[in-house]
Amino acid sequence: MSEKILVIGANGQIGTELVAALRGVYGTDAIIASDIKEPTYPSGKSIGPFEIVNVLDDENLRNVFTKHQPTQVYLLAAILSAIGEQKPKLAWDLNMTGLLHVLDLAVEFKVTKVFWPSSIAVFGPHSPQFNTPQYCVMDPNTVYGFSKLAGERWCEYYFTKYGLDVRSLRYPGLIGWRANPGGGTTDYAVQIFHEALKNGKFECFLSANSALPMMYMDDAIRATLSLMDAPADKIKIRSSYNLAGLSITPATLATEIKKHLPAFYISYTEQDPRQAIADSWPKSIDDSAAQNDWAWKLQYDLPKIVEDMLTNLKGII
Ligand code: AKB
């Protein structure tokens, strides 16, 4: 069967990279990129099909499904943790109503596979902080976190009740050079590279020793594609898989950057609301279920991430 893959939220940090990767595998015309606005990245509209989609507008979404008859859908449109705390009702609405619209249309249009990203934000202050297991106490205290947790329950529900093949990953913070993150707590781990190269210094909004799980974008995209490629019977978890990455602090990241840019200087903001969010999240994650079920394996360690980020950003900053 020839695939037609709809990516909703294609202009974001993950979407930009995922569309490029999917076009590499399936061909440009097989991937319909979509977002609420025209893309600003050069890899956007001019390179392949693009649609304006607002996930809250059921009719607009239905028209796009009718026009393209997608066989797979990746729903990436979401409001992340930091912005979610500024606009809690909008974050809940977008993250939840948007998901339900897409799940319903996927059932109706007999979409064969749906990908929806969850996050380490589903864990909360009473979850184990180190090596956080797949199943444990989950009491997220951000709107983003509990919208993702509720979304996971909906995904599993649509799989069980309607047989919809929904697959999901709990992404850690993602570090990549091709597109910037927007409105998350882990955004510092991308900003630090831009500031290091542009200004030689960075004021971090998280404290020096705030450990959080992070992953290089190349690994995250590879994990996404291999989850989606795995035979359905290998996918034992229909809520969302833990994905560990590496446990990174601002201080360890700065130390690694200094090996390349010895004059780089990091300072820390005294008080920032994102600190409380970071403190409520795990410091490291156990992703043995992903390793066992669909042979997940991380490739990028911290030295490799830093070298690749600096090398690629140097060319474009
Ligand atoms: C955020 O910081 O909100 C996101 C996430 C960890 O899901 N990057």
Side-chain angles (χ1 to χ4, degrees), residues 9 11-18 74-88 90-92 94-96 98-99 115-125 127 129 132 138 140-152 155 168-194 204-207 210-221 223-224 239-250 253 269 272-287 290 298 305 309:
N11 296 351
Q13 188 195 17
I14 303 171
T16 304
E17 307 234 13
L18 196 60
Y74 288 71
L75 169 58
L76 306 173
I79 289 184
L80 299 188
S81 56
I83 302 280
E85 293 311 288
Q86 290 157 21
K87 300 176 184 171
L90 179 65
W92 175 258
L94 181 79
N95 296 357
M96 216 57 338
L99 172 63
F115 177 80
W116 176 80
S118 186
S119 161
I120 55 160
V122 292
F123 298 108
S127 308
Q129 282 204 313
T132 309
M138 294 165 103
N141 54 16
T142 62
V143 177
Y144 173 65
F146 56 76
S147 70
K148 285 293 176 189
L149 184 53
E152 289 188 4
C155 288
S168 176
L169 296 171
R170 290 174 180 155
Y171 288 127
L174 299 178
I175 303 177
W177 58 271
R178 292 181 190 87
N180 290 326
T185 302
T186 57
D187 293 12
Y188 89 84
V190 175
Q191 292 163 0
I192 191 171
F193 289 96
H194 288 257
C204 186
F205 57 76
L206 295 186
S207 61
S210 300
L212 285 171
M214 299 275 181
M215 180 178 277
Y216 201 43
M217 189 57 92
D218 296 47
D219 271 331
I221 298 294
T224 309
S239 50
S240 190
Y241 276 94
N242 272 9
L243 203 56
L246 310 151
S247 182
I248 293 179
T249 67
L253 191 48
T269 312
D272 187 287
R274 288 166 286 193
Q275 186 65 52
I277 301 177
D279 292 343
S280 76
W281 287 353
K283 304 197 180 313
S284 60
I285 298 273
D286 171 8
D287 68 3
L298 190 76
I305 294 175
M309 280 296 282

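Worth knowing before you read on, the calculation uses all heavy atoms, side chains too, and leaves out hydrogens, waters and symmetry mates. Both ligands and their constituent atoms are indexed starting at 1 by order of listing.
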- Item | Side chains of Asp287 and Tyr241 in contact at under 4.5 Å (non-hydrogen atoms) | no
- With side chains defined as the heavy atoms from C-beta onward, is the minimum distance between Ile175 and Phe193 less than 4.5 Å? yes
- Query: Going by atom types alone, do Thr132 and Ser127 pair a side-chain donor with an acceptor below 3.5 Å?
  - Reply: no
- Close residues (non-hydrogen atom under 4.0 angstrom from ligand 1) work out to Leu80, Ser81, Ser119, Ile120, Tyr144, Gly184, Thr185, Thr186, Trp281
- Query: Hey, are the side chains of Leu246 and Met214 touching, using non-hydrogen atoms and a 4.5 Å cut-off?
  - Reply: no
- Test item: side-chain donor near acceptor, Glu152 and Ser168, under 3.5 Å: no
- Message: Looking at every heavy atom in both Leu99 and Leu75, which two are closest together, and how far apart are they?
- Response: CA-CD2, 3.6 Å
